[in-house]
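First comes the structure, then the notes that go with it.
Because the structure is a prediction, the values reported are computed rather than measured. Hydrogens, waters and symmetry mates play no part in the numbers below; they use all other heavy atoms, side chains included. Lettering follows sequence order; numbering is per chain, from 1.
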There are 2 protein chains.
Amino acid sequence: MKTSSPTFQPLYLQIKGLVERALEAGEWGPGAAIPAEVALAARFGVSQGTVRKAIGALADENLLVRKQGKGTFVATHTEERASNFRFLRVRRNDGQTEYPGSRLIDLRRARAGAETARRLGIRVGDHVFVLRRVLDLASHPAVLDDITLPAVLFAGLTRARYAAYPGSTYGFFEQVFGVRMLRAEERLTAVAADAVSAGLLDVEPGAPLLAVDRVSFTYGDRPVEVRRGLCATRHVHYWNALA
Amino acid sequence: MKTSSPTFQPLYLQIKGLVERALEAGEWGPGAAIPAEVALAARFGVSQGTVRKAIGALADENLLVRKQGKGTFVATHTEERASNFRFLRVRRNDGQTEYPGSRLIDLRRARAGAETARRLGIRVGDHVFVLRRVLDLASHPAVLDDITLPAVLFAGLTRARYAAYPGSTYGFFEQVFGVRMLRAEERLTAVAADAVSAGLLDVEPGAPLLAVDRVSFTYGDRPVEVRRGLCATRHVHYWNALA
DNA sequence: CAGTGGTCTAGACCACATC
DNA sequence: ATGTGGTCTAGACCACTGG
C-alpha cells in the first residue's frame with residue numbers, strides 16, 4: 001500500500017499522523033499502553049516495521065515511551081520523576097539532584113494584554129489565570145514563576161486544587177485539565193531584581209537575576225502556557241546541553 | 001554474525017563504534033563522504049540495514065550528515081552556516097538571523113589553575129591559551145568570551161592566524177588544529193558586570209549580564225575547551241528549545 | 001543513466017517482563 | 001510459557017543527485 005505523488009510523504013509518516021491524532025483524541029489516556037506493534041500494523045494495514053518507524057518517531061518527540069518487554073505507553077508528566085528534568089533546567093550548583101519545593105504566592109483571574117494574547121494565540125481581553133509561585137532549591141528561594149494560562153482551558157483552577165496536587169505542575173495540568181505540555185521554547189536574559197522579586201527571592205534589589213521566558217505547546221503546536229521565571233543564581237544554575 | 005553475551009550489545013552499536021573509531025582516526029576527513037552503505041556492509045560483514053542503523057545513530061549525534069542521493073558525509077563546522085546555530089544560542093530579539101562579528105581582544109599563553117585543569121582534564125600548571133573576544137550583534141557588543149584551550153592541542157595558535165580565518169571559531173579549530181567540537185554543556189547564571197566587562201560590552205558597571213559557562217567535548221567525550229561568555233541581553237537573548 | 005540514501009516488506013530470532 | 005519491544009536479514013522498490 002504505497003502512495004506516490006509529487007508531494008511525497010512516506011507511509012510511516014502517514015501512520016505517525018494517524019497515531020498522533022488518536023493520541024490527541026484521547027483514545028489512550030496518559031500513561032496507558034497503546035496496542036502492540038503487530039496489532040497496530042494489522043489495524044493500519046502495513047507491516048510491523050512501518051509501524052515501528054512511526055512509533056519511533058513519536059517516541060523521539062517524547063509523545064510515547066517504549067519499554068522493552070512491556071509495551072509502548074503514552075508519555076505522561078506524572079510519575080516522570082526521572083525524565084521530568086526535561087522541563088526543569090534549574091539545577092543545584094553542588095550537583096545534588098533535588099526536586100524544588102513550590103510555594104503558591106498568588107492565583108488570580110485576569111485579562112490578556114496584547115503581548116500575552118499574541119503569544120497564547122487568544123484575543124486581547126480573554127480571561128487568563130495568572131499563577132505566581134516560588135520554587136525552593138538547596139533551602140533557598142530559587143525561582144519566582146509567573147505562569148499565565150488561558151482560562152478556557154483551565155476552568156476550575158483554584159489555589160486549593162493547585163496546592164492539593166502532590167506532583168509536578170505539568171502533571172497537574174495534564175491530570176486535572178487534560179492539557180499536555182509537549183514542548184517549550186525559552187528565551188533567557190539577565191535582568192535586575194525589582195523590589196518585589198528581590199523580596200520573594202531573598203536578594204538585594206538590583207541584584208542580577210536570570211529571566212526565563214517560556215512558551216509551552218500542546219498538540220498541534222498550540223501555545224497553552226506563557227511563563228516568566230526569575231531565577232536567583234546563587235546556589236543554582238540553568239543547565240543546557242548542546243548536542 | 002551475532003554476539004550473544006550477558007552484557008548484550010546490539011550488532012549495530014558495535015558497527016557504530018567501528019565507524020566512530022574510523023572517524024576519530026581521520027580515515028575520512030571533515031566534509032568528506034564516507035563509503036556507501038552497501039560498501040560498509042560488505043566491509044563489516046553485516047547487512048545494509050544494520051549499517052543504516054549504525055550510521056543513523058551517528059547522524060543523530062551530528063557526527064555524520066546524510067544527503068539523499070549524494071551520500072553520507074563527515075559533519076564539519078565549516079560550511080555549516082545553517083546548522084552552526086547549534087553552538088550559537090545567542091539570537092537577536094527582533095528575530096533577524098545574523099552571524100555575529102568577532103573582535104579579538106587578547107590572546108595569551110597562561111597556565112591552568114586548579115579549576116580550569118579539572119574541567120579540561122589536564123594538570124595544574126599545564127600551558128593553555130586564553131582567548132578573549134567580543135561578539136557584535138545588531139550593531140552592539142553582545143558577548144564577551146573568554147576561551148581557554150589546552151596549548152598542547154592548539155600549538156601555533158596566534159592572533160594573526162585567528163584573525164585571518166574567515167569562518168566560525170569551531171571551523172577554525174577543526175580545520176587548522178584538527179580538533180572537532182562534538183558537543184558541549186553549559187551552565188547559565190546571572191552576574192553583575194565588573195568594570196572591564198562593562199567597558200567592553202558598553203553597559204554600566206553592575207548591570208546584569210548573562211554568564212554562559214561552557215565545556216566542549218571532542219571524540220571520546222574528552223573536554224577540549226572551557227569558555228565563559230558574558231552576554232549583555234539588551235538586543236539579544238539566549239534561545240533554547242525544550243523538546 | 002548509475003549511484004546514493006530512503007522506504008517497505010516478511011520473516012526469523014533475541015532480550016526483557018510477566019504470569 | 002507468552003507477549004512485548006528490539007535486532008537482523010534479504011530483497012524489492014522509490015526518491016534524489018549528478019554526469
Checklist entry - Taking only residues two or more places apart in sequence or in another chain, which ones pass side chain to side chain donor-acceptor pair (under 3.5 Å) with A/R228? => result A/D213
Checklist entry - Is the B/H77 ring parallel, tilted or perpendicular to the B/F87 ring (thresholds 30°, 60°)? => result tilted
Item to check | Under the ring pair (Phe, Tyr, Trp, His ring centres under 6.0 Å) test, residues paired with B/F154 that sit two or more places apart | outcome: B/F173, B/F177
Item to check | Phosphate-side-chain proximity, A/S47 and C/dC8, N/O vs OP1/OP2 below 4.0 Å | outcome: no
Checklist outcome for this item: Considering only heavy side-chain atoms of B/T72, the closest of C/dT7, D/dT7, C/dG5 is C/dG5
Next on the checklist: Using whole Å, what does the distance between atom P of nucleotide D/dC14 and atom OH of A/Y12 come to?
Outcome noted: 18 Å
Next on the checklist: I want to verify a distance call: between C/dG6, C/dT7, D/dT4, whose nearest atom is closest to the B/E37 side chain?
Outcome noted: C/dG6
Checklist entry - Rounded to whole angstroms, how far apart are CD on B/Q14 and C1' on C/dC14? => result 14 Å
Item to check | Options C/dA15, C/dG5, D/dT9, nucleotide nearest the side-chain atoms of B/V46 | outcome: D/dT9
Checklist entry - Given atom NZ of B/K67 and atom P of D/dC16, what is their separation to the nearest angstrom? => result 17 Å
Checklist entry - Rounded to whole angstrom units, what separation is found between the CD atom of A/Q48 and the P atom of C/dA12? => result 13 Å
Next on the checklist: Whole angstroms only, please: what is the CG-P distance between A/L40 and D/dT4?
Outcome noted: 11 Å
Next on the checklist: Which is more 5' along DNA chain C, the nucleotide nearest A/V51 or the one nearest B/A36? Just name the residue.
Outcome noted: B/A36
Checklist entry - Do the ring planes of A/Y162 and A/F172 sit parallel (below 30°), tilted (30 to 60°) or perpendicular (above 60°)? => result perpendicular
Item to check | Phosphate OP1/OP2 of C/dG6: any B/R52 side-chain N/O under 4.0 Å | outcome: yes
Checklist entry - So which nucleotide from C/dT7, D/dG5, C/dA15 ends up closest to the side chain of B/F8? => result C/dA15
Item to check | A/K16 NZ - C/dC8 P separation (whole Å) | outcome: 13 Å
Next on the checklist: Whole angstroms only, please: what is the NZ-P distance between A/K53 and D/dC14?
Outcome noted: 16 Å
Contacts under 3.5 angstrom, residues 40-47 of chain A side chains, donor-acceptor by atom type, not counting sequence neighbours:
unit_1, atom_1, unit_2, atom_2, d
A/R43, NH1, A/E27, OE2, 2.9
A/R43, NH2, A/E27, OE1, 3.3
A/R43, NH2, A/E27, OE2, 3.4
A/S47, OG, A/G49, N, 3.4
A/S47, OG, A/T50, N, 3.4
A/S47, OG, A/T50, OG1, 3.4

Item to check | For A/D146, side chain to side chain donor-acceptor pair (under 3.5 Å) partners two or more places apart | outcome: A/R132
Item to check | Pairs satisfying salt bridge (Lys or Arg N to Asp or Glu O under 4.0 Å), at least one member in residues 160-178 of chain B, at least two apart | outcome: B/E174-B/R180
Item to check | Between D/dC14 (P) and A/L13 (CG): distance, integer Å | outcome: 18 Å
Checklist entry - The side chain of B/R66 lies closest to which of these nucleotides: C/dG6, C/dT9, D/dT7? => result C/dG6
Nucleotide N/O of nucleotides 17-19 of chain D paired with protein N/O under 3.5 Å:
unit_1, atom_1, unit_2, atom_2, d
D/dG18, OP1, B/K70, NZ, 3.4

